[in-house]
Amino acid sequence: MLGKGGKRKFDEHEDGLEGKVVSPTDGPSKVSYTLQRQTIFNISLMKLYNHRPLTEPSLQKTVLINNMLRRIQEELKQEGSLRPMFVAASQPADPLSDNFREAQPAFSHLASPPLLPADLVSTMPLESCLTPASLLEDDTFCTSPAVQHDGPTKPPPPALQPVKDSFSSALDEIEELCPAPTSAEAAAAESAAHDSKAQPSESNIHKPEGLPESRTAESKLMDPLPGNFEITASTGFLTDLTLDDILFADIDTSMYDFDPCTSATGAASKMAPVSADELLKTLAPYSSQPVTPNQPFKMDLTELDHIMEVLVGS
Amino acid sequence: FLGAGGGNDIQWCFSQVKGAVDDDVAEADIISTVEFNHSGELLATGDKGGRVVIFQQEQENKTQSHSRGEYNVYSTFQSHEPEFDYLKSLEIEEKINKIRWLPQKNAAQFLLSTNDKTIKLWKISERDKRPEGYNLKEEDGRYRDPTTVTTLRVPVFRPMDLMVEASPRRIFANAHTYHINSISINSDYETYLSADDLRINLWHLEITDRSFNIVDIKPANMEELTEVITAAEFHPNSCSTFVYSSSKGTIRLCDMRASALCDRHSKLFEEPEDPSNRSFFSEIISSISDVKFSHSGRYMMTRDYLSVKIWDLNMENRPVETYQVHEYLRSKLCSLYENDCIFDKFECCWNGSDRQVEFLSLCTPDLSNIVMTGSYNNFFRMFDRNTKRDVTLEASRENNKPRTVLKPRKVCASGKRKKDEISVDSLDFNKKILHTAWHPKENIIAVATTNNLYIFQDKMN
């Protein structure tokens, strides 16, 4: 059902992960570049959202991390959705604070590790930050030389076509398993720039716009980062989020939709189901409807109020 | 005698080390700033616990001409206390971010010390005499029965054990919303500036209830914030000129005569990025952690994560010299980002300026010819601008007997490690030297490791 399932080459990634000159146009190291970028994105989010100091966090550090995240977002925006970019599990839960932090115990070791340079380079980022889809990426894109920077309107180069087919057909199958109610929700949260991507799930995969699932994930990446510069308390983040952010953009049910697939990908996937599961567990008591994996979350405003109360109070 | 071109390189010897010996470092003992006074007789350190410790150099013993005076504790006082910001529900750290000495005007010494929010002017004065022979009081202070007083005498001053007292003379508070990173005393010795992440204020030393805002880079919408102020310093000779550096690797020179709010710089110093070195971390490693004018004020030095750059004030588009501090870390930036080491703020300093050799120095016009800065593994680096030679030394209690010359260290970046070299992966990134200071007149340097202060001198024959 999934892609070729070829083994990823550990050493390659190790080289690519450490800031050498890795441009997106290098052949085999393009995957490394993507991995590196993904890793750095995850680390940056971790730093912003998992840090709960007693004193005010350094504004300089916050600004630099924010700039890093913005730059990566920009890059992804420019690349369009030629390469579906699935966000690591940490993101859906992040802005909503306490509950979700606790739900991801595996990340705690990233928060303040003693430095073991060799270790950090080799095992941690890969194991804890890889998502199932990036494994797929690895298999299918390691031979492709070029990445489109020109935007979603340009058709993919011929070299990508045969590769994309197998990947896209795999995704097709996955889509059939999981009807895409999320596409409606995600569409609501989309900005104007992404309107063209609001396609039904059976859309032609060969269009550069890509898949609703990927778009959902991407839309999260494109969301403006909460302005967390005026940090008051741990609840400071909440005040900057709109209801839309909480309801639609940051609860990534597409990850949960991938659940049948993630189990096939081994250790690296343990992040995804954990957060989605915890999400459901936390929200289930507040939902009057039974929450099933394939249904969107529909919460009353009162129920949301209740949750907010609990979160703010904690 | 500082190496005035062609001279011998300075040979540094261990002199003293101050601080606890155990490996378990108490958080409060972490040294956060080091500064010599204008004569070099006093050496002040600030720590994370808000304390200031001042060391005084012994007067040179004529018979022991082979070593300069040792530094001993002169005064210790609690400069800042932790505070609580009730509005934001956050603690305000008592950590001393910077100490700056005022030039001595009378018997007392004055210094400015600052934490994140409040600057204080401290007076340090000596008391070595006290009046004795009161008529109505006994020596121990008890009052005498007046009927037993039969004669009168005039109390006289008698010597006593030296007592050094520190008292806060001015408190400059409530002027900074963000964290103060720099203070700099103007060459007029009447005013000084304090800089936080977004604003720079000008104070008069005598006036505590107001300050003038001279730089404000806060955007109307904080979400648009992409750059902060990282350091600021007054020009050593021109009392209307100052510079401030940013997290994007730029330095702006401003003239206070141009306008009240110096939002428009007079000069902007920025080096274009080297495309071959571009990485995700380019911006972060370009962030300037320290800026220091040379003694004449013709040059300034900036420290970013991997290098030290010397700028000629007359040339804005690139530095005149660049020195790589630890280039071998460039391939480790991702790990260093993950463990936050990439945000470490290293300081840098110039050698002292010896006025006596001023007219003898043929090479650099302003005597600022050696640069010192810290690195990891308790290493620190020196670069000689004249000879273009550099050296890596280590501040460590091992192998350090007084007057033994420090052995140069070498880090092996890759490939086969030679004997006595250290590989990059063996470096201890918890042992960082962020603060160093150079005696203004002699070849004596103070190097702060996490909680110890090392003093090195050059080898005198």
Side-chain angles (χ1 to χ4, degrees), chain A residues 15-23 33 36-37 39-44 46-47 51 53-68 70-72 75 110-122 124-125 224-236 240, chain B residues 82 84-85 87-93 95 116 177-179 181 196-198 218 221-230 246-248 275-285 287 289 329-343 345 376 424-430:
Chain A
D15 281 347
L17 214 55
E18 290 298 2
K20 281 200 212 131
V21 182
V22 179
S23 82
Y33 180 84
Q36 187 179 23
R37 181 170 61 189
T39 307
I40 293 169
F41 191 86
N42 295 341
I43 294 171
S44 305
M46 289 273 316
K47 285 185 187 298
H51 184 49
L54 295 166
T55 58
E56 222 167 331
S58 155
L59 186 64
Q60 180 194 355
K61 195 165 145 189
T62 309
V63 165
L64 289 171
I65 297 170
N66 243 305
N67 289 353
M68 176 79 88
R70 281 190 187 138
R71 224 176 298 127
I72 295 178
E75 226 176 74
L110 281 180
S112 54
L115 173 70
L116 300 162
D119 286 351
L120 286 169
V121 166
S122 53
M124 256 188 340
L225 297 164
N228 50 356
F229 296 122
E230 313 276 22
I231 291 170
T232 53
S234 58
T235 56
D240 294 335
Chain B
F84 197 77
D85 182 340
L87 207 59
K88 297 182 188 176
S89 275
L90 289 168
E91 275 182 26
I92 298 171
E93 268 196 297
K95 171 168 75 87
D116 284 339
T177 309
Y178 303 97
H179 292 176
N181 52 55
D196 66 31
D197 295 308
L198 298 179
K218 181 178 176 186
N221 180 4
M222 278 296 272
E223 290 202 21
E224 292 166 19
L225 179 66
T226 58
E227 190 173 9
V228 300
I229 297 170
T230 52
S246 83
S247 56
K248 286 196 174 171
S276 67
N277 271 336
R278 173 107 55 98
S279 79
F280 286 107
F281 307 102
S282 293
E283 189 194 3
I284 298 181
I285 62 170
S287 176
S289 50
L329 294 182
R330 194 179 287 274
S331 57
K332 305 284 178 197
L333 292 177
C334 197
S335 311
L336 294 165
Y337 179 61
E338 190 160 11
N339 68 8
D340 276 355
C341 281
I342 209 175
F343 299 107
K345 296 198 195 148
Y376 294 104
V424 182
D425 296 320
S426 317
L427 295 175
D428 188 342
F429 288 86
N430 290 321

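Below, read A as the first sequence line, B as the second, and so on, with proteins coming before strands; counting in each chain starts at 1. For the numbers below, each heavy atom of this structure counts, side chains included, while hydrogens, waters and symmetry mates do not.
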Bottom line for B:K95: the part with an atom under 4.5 Å from chain A's heavy atoms is neither
For residues B:L198 and A:L59, determine if any side-chain heavy atom of one lies less than 4.5 Å from a side-chain heavy atom of the other.
yes
Check whether B:Y376 reaches the backbone of B:C341 with its side chain - one donor and one acceptor, N or O, closer than 3.5 Å.
yes
Contact origin within B:S287 toward chain A - heavy atom pairs under 4.5 Å:
side chain
Within the side chain of A:N67, is there an N or O that forms a donor-acceptor pair under 3.5 Å with the backbone of B:T226?
yes
Considering only heavy atoms, which portion of B:F343 lies under 4.5 Å from any heavy atom of chain A: side chain, backbone, both, or neither?
side chain
Is it the case that the side chain of A:R37 and the backbone of A:I72 share a donor-acceptor pair, with hydrogens and angles ignored and the cut-off at 3.5 Å?
no
